[in-house]
Every structure is written in structure tokens, then in C-alpha cells.
Amino acid sequence: MTTAYLNLLGGLVAAGALLIALLTVLYVFNRQRRVVEAQLREAEREADEARAESGRYQSLIEGMADGLLTLDGAGRILSANVAATRILGRSTDMLIQSNLQTHIPEFDPAWRYENSAAKRSKEGAELVVMARLPDGHSLPVALAVTPLAIENGEGGLVTLRDRREQTLGEEMDGISRSIDTHLLLGTQLEGVAAEVCDRVAKLFEASAVWMAVLEPRGGHRVVGCGGPRMPETRDMVETVQGDGFAKVDPAGMAWRLGRTQVLEHIDPMGAAVAPWIRACGCESVLCLPLWAENTVSGILTLGFNRDILPPIARRRLEVLANRLGAALRTIRDQARLRLQSTAMSAAANAIFITNADGQIEWVNEAFTRLSGFTAEEVLDQTPNLLKSGEQQPEVYAELWAAIKRGRVWRGELTERRKDGRTYVVDQTVTPILNDSGQVTHYVAVHEDVTARKKAEERVRYLSNYDTLTRLPNRVLFRDRLYQAVVQARRGHAGIAVMFIDLDHFSRVNDTLGHAAGDQMLMTIASRINAAAEEADTVARVGGDEFALIQTGVTSAETASALARRLIEVIQTPVDLGSQEVRVGANVGIAIYPQDGTDPDNLMKNADMAMYRAIKSEDDNCSFFSTEMNAEAAVRLGLEGDLRRALDNDDELHLHFQIQYGLETGEPKGVEALVRWQHPELGAIPPYRFIPVAEDSGLIHDLGDWVLNQALMEYARWRAAGAAPLTMAVNISAVQFRQKGLVERVTALLAEHGVDPHDLEMELTESMLMQDAEQAVNLLNDLSRAGIRLAIDDFGTGYSSLSYLKQFRVDKLKVDQSFVRHVTDGGNDAVIARAIINLGHSLGLEVIAEGVEEEGQLAYMRDEGCDVIQGFLLARPESGDKVLEVLLNAQGRREMAARIRDGILQVEA
């Protein structure tokens, strides 16, 4: 049992040992497992942190303002962050595997440190290069290159920074510094503006940049320009007249509103676009006002062949505009100061300053010239060295008593020059007081009275005499007439007042020049003076107008005889050296006392009589009469009635006369003719109320009404189905000289939707020759707007062929006074033929007006006239009746056949 127990005990011990061993193994295994699990968890945590760090790093790269590119050894782009795509203007797909040199031509693929770009980057020096954007424009970028080990060898890390804003700021600062430099140097405005426009054009890659300033008398002046398209644009900008730019022009809007104007997505060939924008071919425009002293005094305009600038560039330009506005003010102030300085230097008055004791401390150059003393000779001396001894002592006592009390003294003194000669001066002495009211200095101004009296005498002469002919002028003439009336009233005698107008004198100035015109005026003035021996006064009262006073007149025949003699001597040819020139004369006469009892009435009535003579076809000498006064009263009444009629739609109306083409017989145009049905006087013909409208200024409103009504009616015809034709509207001389005519006409065309080519404006040749050079410019503006132009009544006035070939007109109208007698075989037929040939030689269409007989029609067809107008074909009719004719196809065909066959009868 003991042995069994021992064996059992031994077995238990062995089992226990085995159990302990097993437990030990399990413990160790569990412990190792926990260690491994901890290690795995740590590894997973580290991996999560690495992934998070990688995400943060990637977010950091993508969020950088600088562009980052990785390159391979050949310079190909392997990766690009968002900033790089933004800076280079291309997507990631467009950049990857492309060579960086494609986008930055200055980049050298040998990016290693041996390369100068890399060296400069390493040394901290920023390398600025130009990147090429997809739209063809350039962008300054700062480039830095760093070597980078990549999977397949060496690569590079490139950092790009958008230097546009910084470069822009530096360039704009440079422009501002340049402006300051010019101001310090006193450069003229044109020099400053030219440099600014040129630099701005290059900096912003603008196709045209120009700067204009407001002129004191209205309009504008271009003072600087830049950009490759500016040569084509400048003429368009400089031809804008009047108040400046049209209302639809962004430049004009910026000027008037005082705010920056932006115009984008422009169609350069659009009808409504400003001419200068069309010439420039701009797709976008930026116009900035230049403010100076709370007033827009200039404008800076940029035109682009692309989209407008980004906001940062606009803000920079607005800052520059403010700087330019201040510079404008400074330049003008400097110019004013220079002018004042120059004026002071050119002053003839002598000035010297003394201290309180009367010792001279300063003199100007005029003082040394006047007195003969040098500055060194008079300094520390008293003005006593100028005393002549001819002045009364009381004068000096009065002078010192006044200035010591702080009062200004003025009076005449006789002084002595250094050489002993005396001179008289008008002297002003002004005390200079300090803050305590004590006199510290005296300022004396000497004016040589001799020079002043000569000037006053000259002024008196100029105010009373004509400098060219040396005859009395209108002022002295009126004074002499007043004296003559006083004498005549006392002696119960008669006086004749004559006004003389030289007929067609303007031809001399226009063809031979003003020097020849002046010579002719002097010759004629001498002839009038010699022929009018019995006249008390002969005067020149206007450009080509003379007047005279004849006293002791006993009858109208006495005055008439003198007037005829004057007309005869004036008509005598004048030898101007190279040729003889002849002019006519028209004389108007008013008699005292029956035609007026005071000078003003006599002059007014003589003037009216002269205009009666000018308008008369039979006589070039006319007396004033009560009938003329009555006519003036009627004209005044017509003026008031016409003013009312313009506000009343039921009195004025338009008639239209159809014009037919001789080749086709079809209507080619109509002429708009205004009619006035007065409620009391009945129908008033245009030849009576048109001159009244011109004299009173109502012609502007009347012409505007006619043009508006004509275009409205034409638009109605077209809407009803009428074919296109020409609507002819007459323009008076007063309207033609009106500012803004082109703008008003184009505005009405746009309002009624009428093609400008369908409007024809008729102007007389005498109107055009009044100011031929201005007429050329205005006709060019109208023609550029697409409006057709015709010269009306051709052959009845005076035309210079040298100007006629410059007029951009489309048509000549043979006046009806020639058409009326073409079948008589006289000169009128020759003139009509010459006008037709002249028109065709100039490439113009010719229309004959006033065709009333079949023989006249046949003559015009044989001579090749293009269009005819007159009672033979059509009378002026209302718009409704004209529309009926235009829409009646059968009637038009019959009329065309009759015109071609020449078988027409005058309508009853």
C-alpha cells in the first residue's frame, strides 16, 4: 500500500508538474500574444497617422498660393497642384507630360544647379520670367528650381508665383514716379500724356490707349495716345466736335457722369458702335474720368481686342486716373504760374522797394531801363536821386503824409534819368505793414505816362476807326450821325444815310485769299471816299459793308445820284496784280426826317433798305419806305404765328413730290415739302415763312419737325409694303451750321428704323461755300453715317471746283430756272448740259427739277440726265396719295411706259 501510495503520489506530482508546465506555456503564449497585438495596434495607429499626415501634406500642397510642379530630367511635368493650373491657365490633364518650356519659353530644361536659373534661385535671387497663356497673352511669374530625386533618376521641383499684381504695382508705381519727374521738370501736358499712354498700352497689352482733356470753350483735345491700333483710331477721336462724344459713346458717358465706364463683348462693326471703337476694332473698352478740382477735366480710354481687365487691374488704373487728374491740375497751375512769371518779366512798369526810412532795397529790370541807374547805384540810396526839381514841394509832403499813415498814394511825378533827361510817371506807393500795424517797407510802381498816353491814343483810334481802311467805324459813324441830326433839326435840312454792301465779295477771299481781299477793300474804300465828296462821313461798318452820311439833301434824287455814282465806281475792276477783279454793290438809303428822326432808326432803316436791294433782282439801289416798315411788322407777326404753329399739329403738314428715274420710269425718290395752312391767312408759301424761321432761330425746330415727320411717313410706307426709295429733305444754312446735326439726324433714323442710305439731305451750293472747309468736314461726317447728300439748285450760286471735288455728295440737282428754258436753244440748255456732264464726270447722279413739258423731258433724256422731278410727272401730294401710287403696280408700269415713250401731259 505504501508502494502504491508512493506510486500514486509520484504520479500526482508528475501530473502537477506537467500541469504547471502547461500553465507556464499558456501564460507565456498569452503574454506574447498581447505584445504582438499591441505592436499591431501601434503599427495600425502609425499607418493611420501616416495616411492623415499624407492627406494634410497633399491638402497643404493643393491649398498653396504658389504653383508646384515636379519635373523629370527632360523637363516634362509629372505633377501640378491647383495653383499651378490656375497660374498657367491650363487643366491638370493639359499640363501632365507636357514640357514646361512649352508654357514658359524662357525655362531651360537643364534645371540643375549648374543652370543659371537654379543658381539664382539657390542664392535667393528671384527669377521673373513670362508665362504664355492659352489666349496668347503673357503673365509674369517668379520661378524657383530645386533638384529632386525621383523614381527613375533625377528630377526637379519648380515653384511658380504669380507676379502679375506685384509687377503691375511696380510698373504703375514707375508710371507715377515718371509723372512726378515730369512735373518737377515742367514737362508740357502732351509729353506726360504720350509717355503714360504708351506705357499703359504696353503694360496692359491694349490695342489703343488715348487721353483727352476738356477745352475751355467746349469740345476736347487728344493729348496722348499709344497702342498698335491707335494710328487708325486717332483721327476718329479727334474729329468729334461740339460737346464732345455721342451719348452712346462710353467715353462721353464717363465724361458726363464722372464714373468709370466698361463696355464688353462689343461687335466692332455694329451700327450703334462709336466710330473710334470701330476703327480700333475693340471688343472691350475701359473709360476712366480724370478728376481735377471737383471737375472732370480729362479722360483716359483703353481699348482691347479681348475681354476687359480683371478688377485688380481696373483698381490700379483708377488710382492712376486719380493721379493723372491731380497731375492735370498741377500742370495747369504750373502753366498759369509760368504765364504770370512771363507777364511779370515782360511788364513795362518800374518797381522799387524801400525800407521804412526810404532807403532802396530792391529794384526790377524795368526800373533800371527807365531810370538809367543800375541796381548797384541805387541800393541803400533814397528816391531823392530821381528828383527833377520840377515837382512842387507840396506834392512830396502830401505823398509822405499819406504813406506814413499807412495809406496808398497815387499821382503823377516828373523824374530825372541818370543822363539828365526828365520823364513823367504815374506813381503808386503802397505801404507794407507788419502784424502790429507798423510800416516796414514801401513798394513804389512807376508807369511811364508817355507810353500809356500813346496806348490810350491808340485805343481811342481803334475804338473809332477801322484799322484796315482808316475810315470811321460804326461807333464813330453813329456819333457823327447824331451830330448831323442835331444840326439838321436846327436848320430844318435833310440828311441821307446810305448803307453799301459789296456783292459777292466773299469770292475774292475764297479764291485769292484774305490778303487780296484786304487790298481790294482798301481800294474800294478810297474810291468811295473820293466819289462821295459831298458826304460828311464815310465809314466801314462791317466786313464788306460801308456807310455814309450825306447832309444838305433837298430831294431823293440828290441821294439817288450819289448812290448810282458809288455803285459805278465800286463796279470798276480792281487790279490785284495777277488779275483784275470786279464786284458789285447794293445800296440802301434812308432820308431824315421822313424815314427816321434819330440816328438808330435811320441806321436801322438804311440797313433794311440795303437788304431789300440785295434781295431785289431788278435794282441794286433801294430807298426805305413805309411799305418796308409794314413788311417788317408782317414778318414779326408771322414769327409769332409760326412759333404757335410748331406747337400745334393741325397747321403744318408735309407734301411729297415723286422723282422718277429716266432709265426705268420707276419712282426713285420723293422730296419732302413743308406746307403751312394759316387759320386766318390761308396757305402761306415756304418762300415767305422759311426766311422768317431762319431769322428768328425757329428754323431749328421747324427743320427738326420736317425731318421727324418725313422719316415717320417713310417708315409707314415701308411697313405698308412700299419698295425702298430715297426720301429727300431740304436743310437750311442755319441748320447746317448747327452743332450736333449729325447726331440728331442719326438719332431720328434709329428712332424710326429707317436705313440711313434711304435719307437724302439737300443743301444749296451757296450754303456749302459760305465756309467750304467746315462744309467738307460736316459732309464727311454725314456721309460716314450712311446718309446720301445732294447739292440743290446747282448752277445758281458760286462753287469753287477745288472744293466741289472734295464734297462727299451723291447727287447734283439742276435748278428749274435752267430746266425751264432748255428747249429755247439758249445758254440755259448749254448750262444744263454742262451740269449733267460735270456731275457724271464726278461720279454723281444728276436730277432735273421743275420738268413741266414733254420737250424738257426729251432734252433731259437725250443729255443723259438720271432722274427728273416736276409737275409733268407728279405734283406734291399727301403721304396717303403718294403711298397709293407706290403700291399701285399697274399704275407704275403705265407711268414707266409713258416716261420711256415721252408721252405725258401736264396735269390740271
Side-chain angles (χ1 to χ4, degrees), residues 334-434 438-473 475-476 479:
Q334 288 178 341
R336 192 177 300 113
L337 289 174
R338 284 195 296 268
L339 179 62
Q340 292 173 352
S341 176
T342 302
M344 288 296 294
S345 299
N349 290 349
I351 303 172
F352 64 89
I353 301 175
T354 74
N355 59 20
D357 296 328
Q359 294 173 316
I360 298 174
E361 294 185 350
W362 179 88
V363 298
N364 68 348
E365 293 184 7
F367 175 86
T368 62
R369 290 194 301 269
L370 182 60
S371 68
F373 291 100
T374 65
E376 291 75 13
E377 290 172 329
V378 298
L379 292 180
D380 296 330
Q381 300 291 323
T382 66
N384 288 337
L385 81 166
L386 301 176
K387 282 187 175 181
S388 63
E390 299 179 9
Q391 207 72 48
Q392 296 296 323
E394 295 80 10
V395 176
Y396 293 110
E398 178 187 345
L399 185 159
W400 280 104
I403 62 177
K404 283 186 175 297
R405 291 196 297 270
R407 291 163 44 197
V408 177
W409 183 89
R410 181 172 182 175
E412 286 190 359
L413 295 176
T414 302
E415 307 281 48
R416 186 180 300 278
R417 289 174 48 88
K418 181 181 178 180
D419 60 10
R421 289 179 297 164
T422 60
Y423 58 97
V424 180
V425 296
D426 186 347
Q427 176 172 275
T428 302
V429 183
T430 305
I432 306 299
L433 308 179
N434 60 17
Q438 296 176 329
V439 176
T440 61
H441 293 82
Y442 300 103
V443 178
V445 179
H446 281 180
E447 181 183 358
D448 190 343
V449 175
T450 304
R452 188 189 71 190
K453 287 187 175 181
K454 288 182 179 179
E456 289 175 349
E457 183 63 30
R458 178 64 176 166
V459 170
R460 281 194 296 271
Y461 178 84
L462 291 176
S463 62
N464 289 284
Y465 289 89
D466 174 54
T467 56
L468 178 65
T469 62
R470 306 294 178 90
L471 294 176
N473 61 13
V475 175
L476 185 56
D479 183 63

(message) Looking at every heavy atom in both W409 and E398, which two are closest together, and how far apart are they?
(response)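 Scanning both residues, the minimum pair turns out to be NE1-OE2, 3.7 Å.
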(request) Write down the atom of G358, the atom of P383, and the distance for their closest heavy-atom approach. (result)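 Shortest heavy-atom separation between G358 and P383 comes out as O-CD, 3.2 Å.
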Value rounded to 0.5 Å, distance of [atom1] in [X] from [atom2] in [Y]:
X: H441; Y: Q359; atom1: NE2; atom2: CD; answer: 10.5 Å
X: Y442; Y: I403; atom1: OH; atom2: CD1; answer: 4.5 Å
X: Q427; Y: L413; atom1: CD; atom2: CG; answer: 4.5 Å
X: R369; Y: N364; atom1: CZ; atom2: CG; answer: 7.5 Å
X: T430; Y: R410; atom1: OG1; atom2: CZ; answer: 10.0 Å
X: D380; Y: I360; atom1: CG; atom2: CD1; answer: 9.5 Å

Less than 4.5 Å apart, any side-chain heavy atom of [X] and any of [Y]?
X: L370; Y: Y423; answer: yes
X: V408; Y: V429; answer: no
X: K404; Y: V439; answer: no
X: T440; Y: L433; answer: no
X: V424; Y: E412; answer: yes

Within the distance-only criterion (no hydrogens, no angle test), does the side chain of [X] pair as donor or acceptor with the backbone N or O of [Y] below 3.5 angstrom?
X: N355; Y: D357; result: yes
X: S388; Y: T414; result: yes
X: T368; Y: A375; result: no
X: N473; Y: L476; result: yes
X: D448; Y: N349; result: no

(request) For Y396, enumerate each residue passing the ring pair (Phe, Tyr, Trp, His ring centres under 6.0 Å) test, keeping only those at least two apart in sequence or located in another chain. (result)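 Listed in chain order: nothing, the list is empty.
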(request) May I have all residue pairs that pass ring pair (Phe, Tyr, Trp, His ring centres under 6.0 Å) and include part of residues 351-370, sequence neighbours excluded? (result)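 Of all non-adjacent pairs touching residues 351-370, those that pass ring pair (Phe, Tyr, Trp, His ring centres under 6.0 Å) are F352-F367, F352-H446.
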My understanding is that only residues two or more places apart in sequence, or in another chain, count here; which of them pass side-chain hydrogen bond (donor to acceptor under 3.5 Å, both in side chains) with [X]?
X: E415; value: none
X: T374; value: E377
X: R421; value: D419
X: D466; value: T469, R540

(request) Would you check, one step at a time, whether the test side-chain contact (heavy atoms from CB on, under 4.5 Å) holds for V395 with L399? (result) CA-CA 6 Å; V395 176; L399 185 159; 5.6 Å; no
(message) Could you go through Y465 and R470, starting from their C-alpha distance and side-chain angles, then the distance that decides it, and tell me whether this counts as side-chain contact (heavy atoms from CB on, under 4.5 Å)?
(response) CA-CA 6 Å; Y465 289 89; R470 306 294 178 90; 5.9 Å; no
(request) Report the C-alpha distance between S371 and L386 in whole Å, list the side-chain angles of each, state the deciding distance to 0.1 Å, and finish with yes or no for side-chain contact (heavy atoms from CB on, under 4.5 Å). (result) CA-CA 8 Å; S371 68; L386 301 176; 4.1 Å; yes
(request) Might you work through the side-chain contact (heavy atoms from CB on, under 4.5 Å) test for W400 and R405, ending with a clear yes or no? (result) CA-CA 9 Å; W400 280 104; R405 291 196 297 270; over 6 Å; no
